[in-house]
Trainee: 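Can you keep this structure in mind? I'll have questions shortly.
When a ligand or atom number is given, it counts from 1 through the structure's own listing order. No experiment lies behind these values; they were computed from the predicted model shown.
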Amino acid sequence: MTKEEILKALAEVLHPAKQDRDIVSLGIVGDVAIDGNSVVVTLAFPKHRDPLAEYLAGSAKAAIIRNFPGVSVEIKSVVKDEAPKKKPGLDLNFDELADVRHIIGVASGKGGVGKSTVAVNLAVALARLGYKVGLADADVYGPSVPKMTGTEGEQPEAIQEDDKDIIFPLMKYGVKWMSIGYFADPAQALIWRGPMACNALKQMILQVRWEDLDFLLVDMPPGTGDIHISLVHDIPLEGAVIVSTPQDVALADVEKGVNMFRNESIRKPIFGLVENMAWFTPEELPENRYYIFGKDGGARMAAKYDIPLLGQIPIVQSIREGGDSGEPAALGSRPDSLAFLELARKLAESLD
Ligand code: ADP
């Protein structure tokens, strides 16, 4: 009685659910151990509780006894290691975030409140304070980091590593920058929708070689739609900073933003509110403040939602010019630059 003879006997056992192929060619027969007059056969089934497992074990035993009368047979059934199922779409792998200490979303209830301006300047200010900082521009509908940092037209380097594309961020002003704008022209980015936009965004965060960072800011797309929910679900955001302007009409949008992060299925902390365009200050009269959008709107909002008011940024021509010229205002020493430094200091203090 050889192993080959036993396998030949087992090949008589057909699998009724697999077009009557035999259990040997299907790979169900595993180990065959022969010891004198006894045989132990291991059958490996691909899933728990295969409904035919008992039937096939009985048939296998009968086939061996039929061919070798008088032999003692034991059939053991085991479950094969299941190959991990590949999820459709993007593989969520957080390896590149392993050395990042704080991942913070910069969000706003609607567009145009200066979310990207605040994100870029906050990143520069944190770097000026000596922190290691990265910024992922996830604003798929209007990536503004390339323009605001003067890195338009630059191409980040990419390599293939273990079948995965790894992108290297651009370094400027002491900050590591990554933006979807480096890969698609802005006009094209506008037509991206749904899952495609979501996956591209996640790649901008998960497939970037950030290395060690104190802060990774994620400039979120404006609004509170599906993309946001998917993003906050799949990216290990520690919490968020919400940017708003002081008008009463902005209140409803802040509420949407707050509710998104406090939603049952998300429950991420909000580290604070940044009141942008808190007052207007003329370039030449930095001490003068004109509350053109109303006074203390930010403080009221912060109190209403029980979140700290992290900073107040004036509306100043130089902030807009800094955004357009690619030299963020936070690089300078004017009062508005200092407002960003103060914001950065407060945020860092609240987290470290
Ligand atoms: P969002 O990201 O919320 O859509 P942006 O950051 O792109 O908004 O800002 C919209 C416009 O407002 C830009 O032209 C920007 O330069 C300008 N802006 C934003 N904040 C200020 C500010 N505090 N002072 C002056 N201009 C500002």
Trainee: Any side-chain hydrogen bond (donor to acceptor under 3.5 Å, both in side chains) pairs touching residues 306-325, not counting sequence neighbours?
Mentor: Glu275-Gln312, Gln317-Glu321, Ser318-Arg334, Ser318-Asp336, Arg320-Asp324
Trainee: Quick one: table the atom pairs, ligand 1 N or O against protein N or O, below 3.5 Å, distance rounded to 0.1 Å.
Mentor:
from     : atom 1 : to     : atom 2 : distance (Å)
ligand 1 : 2 (O)  : Lys115 : N      : 3.4
ligand 1 : 2 (O)  : Ser116 : N      : 2.8
ligand 1 : 2 (O)  : Ser116 : OG     : 3.0
ligand 1 : 3 (O)  : Gly112 : N      : 3.2
ligand 1 : 3 (O)  : Val113 : N      : 3.1
ligand 1 : 3 (O)  : Gly114 : N      : 2.9
ligand 1 : 3 (O)  : Lys115 : N      : 2.8
ligand 1 : 4 (O)  : Gly112 : N      : 2.8
ligand 1 : 6 (O)  : Ser116 : N      : 3.3
ligand 1 : 6 (O)  : Thr117 : N      : 2.8
ligand 1 : 6 (O)  : Thr117 : OG1    : 2.6
ligand 1 : 8 (O)  : Gly114 : N      : 3.1
ligand 1 : 20 (N) : Asn276 : ND2    : 2.9
ligand 1 : 23 (N) : Asn276 : OD1    : 2.9
ligand 1 : 23 (N) : Pro314 : O      : 2.9
ligand 1 : 24 (N) : Val316 : N      : 3.2
ligand 1 : 24 (N) : Val316 : O      : 3.4

Trainee: For residues 208-246, pull every pair meeting ring-ring contact (aromatic ring centres under 6.0 Å, His included), keeping only residues two or more places apart or in separate chains.
Mentor: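 ring-ring contact (aromatic ring centres under 6.0 Å, His included) check on residues 208-246 returns His102-Phe215, Tyr131-Phe215.
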Trainee: Do you see a donor-acceptor pair shorter than 3.5 Å between the side chains of Glu154 and Tyr182?
Mentor: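 Looking only at side-chain atoms, Tyr182 and Glu154 do not form any donor-acceptor pair under 3.5 Å.
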Trainee: Return yes if a side-chain donor-acceptor contact under 3.5 Å exists between Ser179 and Trp177, otherwise no.
Mentor: no
Trainee: Going by atom types alone, do Ser25 and Asp22 pair a side-chain donor with an acceptor below 3.5 Å?
Mentor: yes
Trainee: Show me the side-chain donor-acceptor pairs of residues 67-78 shorter than 3.5 Å, one per line, residues at least two apart or across chains.
Mentor:
from  : atom 1 : to    : atom 2 : distance (Å)
Asn67 : ND2    : Glu12 : OE1    : 3.4
Asn67 : ND2    : Ala63 : O      : 2.7

